[in-house]
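Quick caveat, the model's predicted, so the values are computed rather than measured. Proteins get letters first, then strands, A, B, ... in listed order; numbering begins at 1 in each. When reading the values below, keep in mind they use all heavy atoms of this one structure, side chains included, and skip hydrogens, waters and symmetry mates.
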There are 2 protein chains.
Amino acid sequence: MNDRHLYSDTITQADIFSGLEEGELSHIFARGYKNAYPPGTILFHEGDPAATCYLVLTGRLKLTKLHEEGKEFLVRYVPPGQVAAAIALFAGKNYPVTAQVIDRAEIIGWDRNTMMNLLLSHPQLTVNMMRVVIERLEELQRRHLELHAERAEQRIARALLRIMNQSGRKTEEGILIDFRLSRQDLANYTGTTLYTVSRTLSSWEKQGWIASGRERIVVIDPHALMLFAERD
Amino acid sequence: MNDRHLYSDTITQADIFSGLEEGELSHIFARGYKNAYPPGTILFHEGDPAATCYLVLTGRLKLTKLHEEGKEFLVRYVPPGQVAAAIALFAGKNYPVTAQVIDRAEIIGWDRNTMMNLLLSHPQLTVNMMRVVIERLEELQRRHLELHAERAEQRIARALLRIMNQSGRKTEEGILIDFRLSRQDLANYTGTTLYTVSRTLSSWEKQGWIASGRERIVVIDPHALMLFAERD
DNA sequence: TCTCTTATTTGCGCGAGCGCAAAGACAACC
DNA sequence: GGTTGTCTTTGCGCTCGCGCAAATAAGAGA
């Protein structure tokens, strides 16, 4: 892979590769397959045998988990520099979630055997992977606690702030969420409903805290949202 | 440590030690400190600097996480053969949960440096640790999905079945949950309230599915509970 | 055995937020 | 530029399950 310099920023920032040498990085990247995917592509389905793990270079993935009767839980968004399905390789069986491309995305994939060999020959990579998994576990614990201790509107506020921090882009209007994010998505992420999210966002828009359109949200006053999320 | 044979069953079953040689095991155990704790002991508090990780030999731990205003989330019970706070060592900062002894417990502890060295010298141990963390992550994802897609009574049914599978003991009456488990504990585990749990258990008792007393539950008809949890 | 503490039950009322339904807005695609 | 499909808004009613309060039960300890 000779165009590594093209996305070297992404790689440098990727927590999974922190502390690795130049030489190790190029070796690791040479073992993977790079591809571009249009929006809507399903990279893998929940339940499929886990064969490959992925690093997002550009674009974004949405990871979801299905429940009976069509209810869907939005596990998380995967921004550039983060890996998806690293876990599945270890667990060794099936993908526990479905991964869908939401912006046109460039992605590198490594199949299981390749990644296992890389992990064996680069111990630092294993440690990084462990740390990443643990961070996910802790975030999920926080979200679980919120879901059980806070009201719907507070959870929506926290979700919006979290997504904003991860994927916000400053504009003259405020901080724009940088990808298509529907009311339904937010509901699936927070454990509420489309209706509750819509009502809540409308009320915040009246307060002047946010501005929103179809699948598009701009946070104007993050501080007000933070106070709202924290207040009793 | 010369009394390893005393709890060799527990060790053999401990998924964290699967695939390790006799010699490796005794080396690992020789590096740890064994202790016994009375019920109620707090092994560590959420927020304390993470210094030690633990393996439960006998007895049981309860891991909880606090939210503002005293609300408490019961993360999980740690039965014999499982480790607690292995994660905290990697994350490297503070314990994310509080660990309380609920039955008189024998526990081995390893401090961070010791465990880190053991991980470096026993690669299989690292792989096992990774698998354990991933299993936790997946279980938490399942519970999160339940919390957001199912009603309170279904979640209580699933929780009871899960705890029964992990800590049930056959008696002539039915399958007894083998430790003090209060209505409040179940509420904290399922994201409901003391009152809802009490009403639900009462109704199941009338149906003859369970028998219960103060901090004590016997599952008489697991199949009925399973059908109840699965039904729409 | 009596007392004290803590867990549990149950009646009652209420409110958050779900979810249907129908209308309105927006984007995309011929 | 009209048409179509999808996303969003909002009114309305209703249900689940929360949470107070007060009584009861079950252990723990003296």
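Atom CG in N188(B) sits roughly 12 Å away from atom P in dG19(D) (whole-Å rounding). Atom CD1 in I210(A) sits about 13 Å away from atom C1' in dT9(D), given to the nearest Å. Going from atom CD of E205(B) over to atom C1' of dT9(C) covers 11 Å, rounded to whole Å. The distance between atom CD1 of I156(A) and atom C1' of dC18(C), rounded to the nearest whole Å, is 12 Å. We find that CD of E215(A) is positioned 12 Å from P of dT6(D), with the value rounded to whole Å. Taking atom CZ of R151(A) as the reference point, atom P of dG17(D) lies 16 Å away to the nearest angstrom. One can place CD of Q154(A) at 12 Å from P of dA16(C), the figure rounded to the nearest angstrom. Rounded to whole angstrom, the span from the CG atom of L147(A) across to the C1' atom of dA16(C) amounts to 15 Å.
With sequence neighbours excluded, no residue forms a ring pair (Phe, Tyr, Trp, His ring centres under 6.0 Å) with Y37(B). Partners of D178(A) by side chain to side chain donor-acceptor pair (under 3.5 Å), not counting sequence neighbours, listed by chain and number: R169(A). Judged as a ring pair (Phe, Tyr, Trp, His ring centres under 6.0 Å), and not counting sequence neighbours, the contacts of H148(B) are F73(A). R216(A) is linked by a side chain to side chain donor-acceptor pair (under 3.5 Å) to E173(A), counting only residues two or more places apart in sequence or in another chain. Every ring pair (Phe, Tyr, Trp, His ring centres under 6.0 Å) that Y95(A) has, sequence neighbours left out, goes to F44(A). Residues passing the side chain to side chain donor-acceptor pair (under 3.5 Å) test with E135(B): none are found, sequence neighbours excluded. E46(B) meets the side chain to side chain donor-acceptor pair (under 3.5 Å) test with no other residue; sequence neighbours excluded. Taking Y195(B) as the reference, nothing meets the ring pair (Phe, Tyr, Trp, His ring centres under 6.0 Å) condition, with sequence neighbours excluded. Applying the side-chain contact (heavy atoms from CB on, under 4.5 Å) rule to E150(B) yields the partners H67(A), E146(B), Q154(B), R155(B), R158(B); only residues at least two apart in sequence or on another chain are considered.
With respect to L61(A), the side chain to side chain contact (heavy atoms under 4.5 Å, CB included) criterion is satisfied by exactly one of T41(A), V78(A), D103(A): V78(A).
Distances shown here put every side-chain N or O of T193(B) at or beyond 4.0 Å from the OP1 or OP2 atom of dG19(D). Within the 4.0 Å cut-off from OP1 or OP2 of dG17(D), not a single side-chain nitrogen or oxygen of T196(B) is found. The side chain of S202(A) contributes an N or O atom lying less than 4.0 Å from OP1 or OP2 of dT10(D).
Checking R216(B) against R155(A), the closest nucleotide of DNA chain C that is more toward the 5' end is the one next to R216(B). With DNA chain D read from its 5' end, the first of the two nearest nucleotides for S212(A) and A152(B) is the one closest to S212(A).
Between W204(B) and F228(B), the angle of the ring planes goes over 60°, which puts this pair in the perpendicular group of the 30/60° scheme.
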Do any N or O atoms of the protein come closer than 3.5 Å to N or O atoms of nucleotides 20-26 of chain D, and which pairs are they?
from	atom 1	to	atom 2	distance (Å)
dA26(D)	N3	R214(B)	NH1	3.1

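No side-chain donor-acceptor contact under 3.5 Å links R112(B) and T52(B).
Contacts with DNA chain C (heavy atom under 4.0 Å) in residues 176-186 of chain A: none are found.
The rotation axes computed at either terminus of the helix from dT1(C)-dA30(D) to dC30(C)-dG1(D) lie 50° apart, taking five pairs at each end and rounding to 10 degrees.
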